[in-house]
Amino acid sequence: MGYWLFKSEPSSFSLEDLMARGAPEPWSGVRNFQARNFMRAMRPGDLGFFYHSSCVEPAIVGEVEVTRAFYPDHTARDPDDHHYDPRAIANPELWSMVDVAFRERYPVPVTLARLKGCPALAGMRLLARGNRLSVLPVTEDEWQIIQGLARAS
DNA sequence: GCCAACGTTGGC
DNA sequence: GCCAACGTTGGC
């Protein structure tokens, strides 16, 4: 089983939005090759943290589950879409997405400050200098530790 | 709003 | 293949 972290600005799409949807949602709009390749490595049943970025209190706010392996991100071929990429017209497979379903919303979010303050998470990719990827792998150890933090809140 | 960090682009 | 310029991300 794989563990991941999905990053989103809550002003555009939040965990609450996903929860309200009540159904799996495509994680579309990723236009970075590293992040795309991480999604291509995902399998149904994999779990992910949902991270709110660029907001008052950046934090892991809950969990999602990958419900569908990668398939073409059709929004790349939509000229009206904010993430339109003309290269995808000739190459529909260029960009990929997976489906994610709501799993859990933590009663108390695990804030970025809290993650940074946890020595055992020093190697976490989310905390790496200059990290900007919207999809990241999480190790099983990190997964367990952060779940522990969420429960200890 | 600032700025550091990074990926991508394009000229050469 | 190098590298400067540019756009974007994201914490603060």
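Below, chain A is the first sequence line, B the second, and so on; all start at residue 1. It should be emphasised that the depicted structure is a prediction, and the values quoted were computed from it without experimental measurement.
R87(A) comes within 4.0 angstrom of the backbone, heavy atoms only, and of no base.
The N32(A) side chain lies nearest to dT8(B) when the options are dA5(B), dG11(C), dT8(B).
One atom, CE of M124(A), and another, P of dG11(C), lie 12 Å apart when rounded to the nearest Å. If you take CD of E57(A) and P of dG10(C), they are 17 Å apart, rounded to a whole angstrom. In this structure, D85(A) atom CG and dG7(B) atom P are separated by 18 Å, rounded to whole Å. To the nearest angstrom, C1' of dG7(B) lies 10 Å from CH2 of W95(A). Straight-line distance from the CZ atom of R31(A) to the C1' atom of dC6(B): 19 Å, rounded to whole Å. dT8(B) atom P lies 6 Å from atom CZ of F33(A), rounded to whole Å. Distance, R114(A) CZ to dG11(C) P: 18 Å, rounded to whole Å. In this structure, CZ of R132(A) is placed 4 Å from C1' of dC6(B), rounded to the nearest angstrom.
Rounded to the nearest 0.5 Å, atoms NE2 (H83(A)) and OG (S28(A)) are 7.5 Å apart.
OP1 or OP2 of dC6(B) lies within a sub-4.0 Å distance of a side-chain N or O belonging to R129(A). Remark: Y51(A) is in phosphate contact with dG11(C), judged by side-chain N or O atoms under 4.0 Å from OP1 or OP2. Look at K7(A) and you won't find any side-chain N or O under 4.0 angstrom from OP1 or OP2 of dG11(C).
A cation-pi contact, defined as under 6.0 Å to the ring centre and within 45° of the axis, is absent between R40(A) and F38(A).
In this structure, F70(A) has its ring center at least 6.0 angstrom away from the ring center of W27(A).
Between N37(A) and Q34(A) the shortest side-chain heavy-atom distance does not fall below 4.5 Å.
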